[in-house]
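Note sheet for the following structure.
Order of listing sets the numbers, starting from 1, for every ligand and every atom in it.
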Amino acid sequence: MYRIVSAIFLAENIKKFEIEAPMIAKKRKAGQFVIIRIDQNGERIPLTIADSDPEKGTITIIAQGVGKSTRELNCKEAGDSIADVVGPLGTPSHIENFGTAISIGGGVGTAIAYPTAAALKEAGNYVITINGARSKDLVILEDEMKAVSDEAYITTDDGSYGFHGFVTQKLQELIDSGKKIDFVLAIGPIPMMKAVADVTRPYGIKTVVSLNPIMIDGTGMCGGCRVTVGGEIKFGCIDGPEFDAHQVDFKNLADRNRIYQHEEKEANDTFAHECNLTRQA
Ligand SMILES: Cc1cc2nc3c(=O)[nH]c(=O)nc-3n(C[C@H](O)[C@H](O)[C@H](O)COP(=O)(O)OP(=O)(O)OC[C@H]3O[C@@H](n4cnc5c(N)ncnc54)[C@H](O)[C@@H]3O)c2cc1C
Ligand code: FES
């Protein structure tokens, strides 16, 4: 069992956990993830290692409650435990001094981008971060991102905070300003990552995205996480999760992620029902 040391909501439905996992804390690198199983009846779900403290022996994960497992996780508090935490998994982010690097995070994608943005800064890049949220109350990790950025921008779809518009509009503005941009990292919903790839492609700016295919084992044994990159089949859990954005077949990824829509909804509805019954008891 893996003990939860702290658990706090960063925004509605987005919760940050510090979990005791000393071996993972020692080994993990930016861009890697864990697969967790909440209890013996749970499914295995992948979550990025947002941070770690090797001395304390803890890792940090940040989860957005989008369905049954993540909502169940977000009901956990400090002192509770999680049955399984496997990791670190995946190929670490390729980090070098590119020059000027832009890290773009959409929604909870900001948490997934954070460790790589920090590593880019540490490698000597001039780091610009653009973090998008639907509205002000959903903005997360603003201070953490500022701490690893030379320039930091927040965008909100409704204009309630920062730049009014999408992350891609801010990116286009930076490109139009004549800034030399050497590298872009984009992590968020599939349509957002595709949109960023479409913005940078004509300028030939090297762009990397972190893909979120459905995963089961996370160790290369099943191919459930397969994605098409440059016309070739790759396994998201071992070849990725980061890939060249200009080579990714985003439509195939979006179609595959919808395969279990019906079962996901059913599990989520049953969980909501169980939750209400427990609350009444
Ligand atoms: C490498 C990787 C890192 C990720 N890191 C984070 C993170 O740091 N924080 C975060 O909030 N989310 C992260 N995700 C997404 C997270 O795994 C899904 O939101 C979660 O599995 C949804 O499960 P659910 O039962 O709550 O929702 P469901 O209702 O079951 O699913 C909602 C949506 O999540 C996706 N999904 C469902 N099951 C899986 C699965 N086993 N593997 C991958 N995607 C699935 C599907 O697209 C689905 O439509 C990551 C995904 C990957 C692949
Ligand atoms: S999740 Fe099974 S091979 Fe990647």
Atoms in ligand 1 with a heavy atom of [X] nearer than 4.0 Å:
{"X": "Glu43", "result": "25 (O)"}
{"X": "Arg44", "result": "41 (N)"}
{"X": "Ile112", "result": "5 (N), 6 (C), 7 (C), 8 (O)"}
{"X": "Asn257", "result": "46 (C), 47 (O), 49 (O)"}
{"X": "Ala63", "result": "11 (O)"}

### Same cluster (ILVMFWY, side-chain, under 4.5 Å), Val196 and Ile154
no
Between [Y] and [X], is the closest basic N to carboxylate O distance under 4.0 Å?
{"X": "Lys56", "Y": "Glu18", "value": "yes"}
{"X": "Lys68", "Y": "Glu263", "value": "no"}
{"X": "Asp249", "Y": "Lys251", "value": "no"}
{"X": "Lys136", "Y": "Asp158", "value": "no"}

## Note on the structure
If you count every protein N, O or S atom closer than 2.8 Å to atom 2 (Fe) of ligand 2, you should arrive at 2
### Query
Would you say the side-chain atoms of Glu264 and Asn268 include a donor-acceptor pair closer than 3.5 Å?
no
What protein heavy atom sits nearest [atom], and how far away is it?
{"atom": "atom 41 (N) of ligand 1", "result": "Met215 O, 2.9 Å"}
{"atom": "atom 15 (C) of ligand 1", "result": "Pro46 O, 4.1 Å"}
{"atom": "atom 49 (O) of ligand 1", "result": "Glu264 OE1, 3.3 Å"}
{"atom": "atom 43 (C) of ligand 1", "result": "Pro213 O, 3.1 Å"}
{"atom": "atom 9 (N) of ligand 1", "result": "Ile62 O, 2.8 Å"}
{"atom": "atom 20 (C) of ligand 1", "result": "Thr70 CG2, 4.0 Å"}
{"atom": "atom 39 (C) of ligand 1", "result": "Ile214 CG1, 4.1 Å"}

### Query
Does atom 35 (C) of ligand 1 have any protein heavy atom closer than 4.0 Å?
no
### Task
State whether any protein heavy atom lies less than 4.0 Å from atom 52 (C) of ligand 1.
yes
### Query
Could Lys170 and Tyr153 be counted as a cation-pi pair, given that NZ or CZ must be under 6.0 Å from the ring centre and within 45° of the axis?
yes
### Task
Could you say whether the N/O atoms of Thr48 and ligand 1 ever approach to under 3.5 Å?
yes
## Note on the structure
Nearest heavy atom to atom 13 (C) of ligand 1, choosing from Val34, Leu47, Asn13, belongs to Leu47
### Heavy atoms of other groups near Arg134 CZ, more than 12 under 6.0 Å
no
